[in-house]
Amino acid sequence: MRKYDVGDIVFFISNGYHIREATVIRSGEFCTIKFNDNETPAGTRVRESKLFKTKQEAEVIVGKTHNTLLY
């Protein structure tokens, strides 16, 4: 069962702390995403489990990871 469909807006955690918005351009177990920001017009292919439906979901993961890395 697919978690994301083509055209869905998702959030991806880059470098363990930077949350980037992207659009799904191909879905499946691995999703191809295109970043929506102006930093780079590129995209990447990632597992569905690395994507989040809302920015708040991604922020929770970053908060947990960031605290773990600091201590």
Side-chain angles (χ1 to χ4, degrees):
M1 184 175 162
R2 289 185 181 166
K3 193 173 178 182
Y4 302 102
D5 292 318
V6 174
D8 285 353
I9 301 295
V10 295
F11 295 88
F12 175 72
I13 300 172
S14 176
N15 297 327
Y17 67 94
H18 184 68
I19 300 171
R20 296 179 71 183
E21 183 180 294
T23 302
V24 176
I25 57 174
R26 183 173 291 159
S27 66
E29 183 180 346
F30 284 88
C31 291
T32 304
I33 59 173
K34 184 173 187 242
F35 296 112
N36 296 340
D37 54 20
N38 292 329
E39 290 180 31
T40 219
T44 190
R45 192 170 178 208
V46 296
R47 284 193 181 275
E48 270 190 343
S49 62
K50 300 293 182 183
L51 301 175
F52 302 92
K53 290 186 183 256
T54 65
K55 189 171 184 178
Q56 289 75 20
E57 289 177 13
E59 287 171 345
V60 168
I61 300 301
V62 168
K64 289 179 184 177
T65 305
H66 191 65
N67 288 337
T68 303
L69 293 175
L70 291 177
Y71 302 106

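Everything numeric here is computed off the predicted structure, so don't read it as measured data.
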inquiry  = Grouping I, L, V, M, F, W and Y whenever their side-chain heavy atoms are under 4.5 Å apart, do Ile19 and Tyr17 come out in a common cluster?
reply    = yes
task = May I have all residue pairs that pass salt bridge (Lys or Arg N to Asp or Glu O under 4.0 Å) and include part of residues 21-32, sequence neighbours excluded?
result = Glu29-Arg47
inquiry  = Ignoring hydrogens, what is the shortest heavy-atom contact between Cys31 and Glu48? Give both atom names and the distance.
reply    = SG-CG, 3.6 Å
task = Check which hydrophobic residues are tied to Val46 through side-chain heavy-atom contacts below 4.5 Å, counting indirect links as well, and list them.
result = Tyr4, Val10, Phe12, Val24, Ile33, Phe35, Leu51
request  = Give the C-alpha distance, both sets of side-chain angles, the deciding distance and a yes or no for side chain to side chain contact (heavy atoms under 4.5 Å, CB included) between Ile61 and Ile13.
outcome  = CA-CA 9 Å; Ile61 300 301; Ile13 300 172; 3.8 Å; yes
query = Tell me, which pairs form a salt bridge (Lys or Arg N to Asp or Glu O under 4.0 Å) where one or both residues lie in residues 52-62, sequence neighbours left out?
reply = none
inquiry  = Among residues at least two apart in sequence or on other chains, which ones pass side chain to side chain donor-acceptor pair (under 3.5 Å) with Thr23?
reply    = Asn36
query = According to a 4.5 Å side-chain heavy-atom criterion applied to Ile, Leu, Val, Met, Phe, Trp and Tyr, with indirect links allowed, do Phe11 and Val62 form part of one hydrophobic cluster?
reply = yes
task = Quick one: list whatever passes side chain to side chain donor-acceptor pair (under 3.5 Å) with Asp37, sequence neighbours left out.
result = Arg20
ask   = In the hydrophobic clustering that connects Ile, Leu, Val, Met, Phe, Trp and Tyr at side-chain heavy-atom distances below 4.5 Å, which members other than Phe30 occupy its cluster, ordered by chain and number?
value = none
